Each structure stands twice: as structure tokens, then as C-alpha cells.
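Written out below as C-alpha cells is the structure these notes cover.
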Amino acid sequence: MRTTCMIALAMYSCLAGRAVTAQESGYSDAEVKAQFVEAGMFCHAEFIRRGYRRAFEMAGCDTNRYARILRELAVENTNETKWAIASLGRYKTTESLPFLYSCATNAVYGAKALKAVFAIEGVNSNSVAATCGYLAVTNAFTQQMDYERSDVCEWLLKEVSTSPSLTYLKPLCLNAAVDYAQNISIMHKSLDEAICEADPTYRHSKRRLEVMRSAQNRCWNPMLTNYVTNAINELVAYPEENLPD
């Protein structure tokens, strides 16, 4: 690791030595892409940020050009796809939206793509529909990828529950979240808490009991098993027949 850091420092020093002003744009698209790739090789967060900033400067600080380059890089180099997509959310060009929407149901990149969409155009009927599609994907997800998916779902539930202008989207988001929790998700605790927060009637309902029972066979650690079991026991003791739908 120390050797890697020293190499990265040397690389960055060479780049800094030939720095140009932010207004210069005499670099080719290929050179900008190479700089973006090199930035990701640094071992220190500050150097990574500076490296990405340098790539933007090499594109002449032209947001539209840089976003186009990132979209191309995301397709050409799959090792860089996730980070290129994440950067598209930072530069917020509407021209990136078709590409980001096309990535929205990808198991590996979907979370980053949707976060970029939200950064560019916020929460609306289009971005919510894309998120619902993402939550419904049944392809195999690693624990980390499902954590990222659950994180997007939980964030969206909070947005539609706390913003009066988004109230009309709340039923759709809740239905998608409950379906996801019941049939797919393996991150039960945080997701369950987010649904309960968004819809207080859900906490003591037959819907939640059904979801918890379905989730039992997807618990992958003792904490989740205990959480789901305790929720079921609490709901059954209500008693179950008296629970509202």
C-alpha cells in the first residue's frame, strides 16, 4: 500500500507540474479520460478529488463536454463506470439523463445512476417510476448492492413523506417499498423502519406482518433474524386478527 501511495504521489506531482489554467482546453478527450482513470488510482481522498478536478480543468471546465466524456468513459471502461456515473450527478447536465435512466435498473450501477438522476432533476414522476423499476429487479444482488438499493428506497421514502409538493407520489413509493421489502430486500431492519416512518399505520398492520413473515427466510445475520422475529411476535400478540389491513 505504501508503494502504491508513493507512486500515486509521484503521478500527481507530475500532473501538478504541468498544470494549466482552468480556462485552457487544449487536451483531447482521450487525455481527459486518462486523467480521470489516474485520479482513481490515488490512495488519498484529497488526491483523488484533486485528480478529478484536474480532469475537469483539462476539459476546459466545460460542463457539457466533461459530462459527455464521462458518459463515453462509463461505456468504454467498466472499471470506471460507477465513478463516472457518480460524477455525472455532480455536474448535473440534463443531456446525461437518457444515459442515466438507461442504467437505472442495472444491479451494479443502478443506485449511483438514480442518485445522479435525483441530483439533476429531483424527485418527479419519471425518477420515481425509474426507482420503482429498480426496486423490482430480481437479478442476484450482492449484500453491498442490495444495501445501496435499500438506501435509495429509504431516501426516496423520506423525500416523498416530508415534502408537501411530493405527496402525490407517496402511495406509489410506499407500494414499491413494501413489495421490495416483502419479496426481494435483504436489508430488512433499516427498510422496515423507513416504511414505518413514512406510513405510521404500517407499523401495526397485517401488511407488515405478511412482509416480516416473508422476510424470515432472507435474514443473513443474527441481528436481522432477531429484528424480524421480534416484529412478528409483537404483531401476532396484538392479536393478529385485530390488526388493521
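The structure displayed is predicted, hence computed values, not measured ones. Side chains included, hydrogens not; waters and symmetry mates left out as well; all remaining heavy atoms used.
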Contacts under 3.5 angstrom, residues 92-105 side chains, donor-acceptor by atom type, not counting sequence neighbours:
{"unit_1": "Thr93", "atom_1": "OG1", "unit_2": "Ser96", "atom_2": "OG", "d": "2.8"}
{"unit_1": "Ser96", "atom_1": "OG", "unit_2": "Arg71", "atom_2": "NH1", "d": "2.8"}
{"unit_1": "Tyr101", "atom_1": "OH", "unit_2": "Glu121", "atom_2": "OE2", "d": "2.2"}
{"unit_1": "Tyr101", "atom_1": "OH", "unit_2": "Ser127", "atom_2": "N", "d": "3.3"}
{"unit_1": "Ser102", "atom_1": "OG", "unit_2": "Phe99", "atom_2": "O", "d": "2.5"}

Please tabulate, one pair per line, all N/O donor-acceptor pairs under 3.5 Å involving side-chain atoms of residues 232-240, not counting sequence neighbours.
{"unit_1": "Asn233", "atom_1": "ND2", "unit_2": "Thr229", "atom_2": "O", "d": "3.3"}
{"unit_1": "Glu234", "atom_1": "OE2", "unit_2": "His204", "atom_2": "NE2", "d": "3.2"}
{"unit_1": "Glu240", "atom_1": "OE1", "unit_2": "Arg213", "atom_2": "NH2", "d": "3.0"}
{"unit_1": "Glu240", "atom_1": "OE2", "unit_2": "Arg213", "atom_2": "NH1", "d": "3.0"}

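- With hydrogens and angles ignored, the 3.5 Å screen pairs a side-chain donor or acceptor of Asn230 with a backbone N or O of Asn226.
- Tested against Asp192 for a salt bridge (charged side-chain N to carboxylate O under 4.0 Å, His left out), the candidates Arg208, Arg207, Arg203 yield a single pass: Arg208.
- For CD of Glu197, the number of neighbouring non-hydrogen atoms (other residues, nucleotides, ligands) closer than 6.0 Å is 12 at most.
- Nearest approach of Asn106 to Val108, heavy atoms of both residues: OD1-N, 2.8 Å.
- Taken from CH2 in Trp155 to CG in Leu157, the straight-line distance is 11.0 Å, to the nearest 0.5 Å.
- Cation-pi geometry between Arg149 and Tyr180 is not met: the NZ or CZ atom fails to fall both under 6.0 Å from the ring centre and inside 45° of the normal.
- Placement of Val152 and Leu172 within a single hydrophobic cluster is found when ILVMFWY residues are connected by side-chain heavy-atom separations under 4.5 Å, directly or transitively.
- Enclosure of atom OH in Tyr147 is not indicated, since only 12 or fewer non-hydrogen atoms of other residues, nucleotides or ligands lie within 6.0 angstrom.
- Counting only distance, with no hydrogens or angles, the side chain of Ser87 and the backbone of Trp83 share a donor-acceptor pair below 3.5 Å.
- Atom OG1 of Thr225 sits about 8.5 Å away from atom CD of Gln216, to the nearest 0.5 Å.
- Taking all atoms of both residues into account, the shortest heavy-atom contact from His188 to Leu224 is N-CD2, 4.1 Å.
- Rounding to the nearest 0.5 Å gives a distance of 10.5 Å between CG of Leu70 and CD1 of Ile85.
- Note that OG1 of Thr131 is 10.5 Å distant from CG of Asn126, once rounded to the nearest 0.5 Å.
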### Task
Give the intermediate values and the outcome of side-chain contact (heavy atoms from CB on, under 4.5 Å) for residues Tyr202 and Leu174.
CA-CA 10 Å; Tyr202 178 78; Leu174 277 170; over 6 Å; no
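- Met212 and Leu243 end up in the same hydrophobic cluster when Ile, Leu, Val, Met, Phe, Trp and Tyr side chains are linked at under 4.5 Å.
- Note that the CD atom of Gln35 and the CD1 atom of Ile69 stand 11.5 Å from one another [nearest 0.5 Å].
- For the pair Thr167 (side chain) and Pro164 (backbone), a donor-acceptor distance under 3.5 Å is present.
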### Message
Run the salt bridge (Lys or Arg N to Asp or Glu O under 4.0 Å) test on Lys189 and Glu193 for me, step by step, so that the C-alpha distance in whole Å, both residues' side-chain angles and the decisive distance to 0.1 Å come before the verdict.
### Response
CA-CA 6 Å; Lys189 185 177 185 295; Glu193 291 170 346; 2.8 Å; yes
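- Annotation: side chain of Phe56 is in contact with side chain of Thr63 (closest heavy-atom distance under 4.5 Å).
- Val137 and Val128 fall within the same hydrophobic cluster, where Ile, Leu, Val, Met, Phe, Trp and Tyr residues are linked whenever their side-chain heavy atoms come under 4.5 Å apart, directly or through other members.
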### Task
Please assess Glu76 against Lys33 for the test salt bridge (Lys or Arg N to Asp or Glu O under 4.0 Å), listing each intermediate value before the final yes or no.
CA-CA 10 Å; Glu76 296 166 358; Lys33 292 173 186 177; 3.0 Å; yes
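- Scanning all heavy atoms of the two residues, the minimum distance from Ala107 to Ala140 falls at CB-O, 4.5 Å.
- Considering all non-hydrogen atoms of both residues, Ser150 and Leu191 come closest at OG-CB, 3.8 Å.
- Ring-plane geometry between Phe47 and Phe42 is classed as perpendicular, the angle between the planes exceeding 60 degrees on a 0 to 90 degree scale with a lower cut at 30.
- Remark: Ser185 OG to Arg218 CZ distance equals 6.5 Å, nearest 0.5 Å.
- In plain terms, the two heavy atoms of Val228 and Cys219 that are nearest each other are CG2-SG, 3.7 Å.
- Taken together through direct or relayed side-chain contacts under 4.5 Å among Ile, Leu, Val, Met, Phe, Trp and Tyr, Met187 and Leu156 form parts of separate hydrophobic clusters.
- A salt bridge links Glu72 to Arg68: one of the charged nitrogens lies within less than 4.0 Å of a carboxylate oxygen.
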### Message
Asp179 vs Leu135, test: side-chain contact (heavy atoms from CB on, under 4.5 Å). Steps then yes/no.
### Response
CA-CA 8 Å; Asp179 286 345; Leu135 297 178; over 6 Å; no
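- For Glu154 and Lys158, the salt-bridge test fails: no basic side-chain N is under 4.0 Å from an acidic carboxylate O.
- A salt bridge between Asp199 and Lys170 is absent, with no side-chain N of the basic residue lying under 4.0 Å from a carboxylate O of the acidic one.
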### Task
May I have the step-by-step check of side-chain contact (heavy atoms from CB on, under 4.5 Å) for Asp29 and Arg65, ending in yes or no?
CA-CA 9 Å; Asp29 290 357; Arg65 181 192 175 198; 2.8 Å; yes
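- No continuous path of ILVMFWY side-chain contacts below 4.5 Å connects Met145 to Trp220, so the two sit in separate hydrophobic clusters.
- What you find for Tyr66 and Ala59 is that their closest heavy atoms are CD1-CB, 3.9 Å.
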### Query
Do Thr81 and Lys112 pass the side-chain contact (heavy atoms from CB on, under 4.5 Å) test, and can you show the C-alpha distance, the side-chain angles, and the key distance before you say yes or no?
CA-CA 10 Å; Thr81 302; Lys112 288 284 191 297; over 6 Å; no
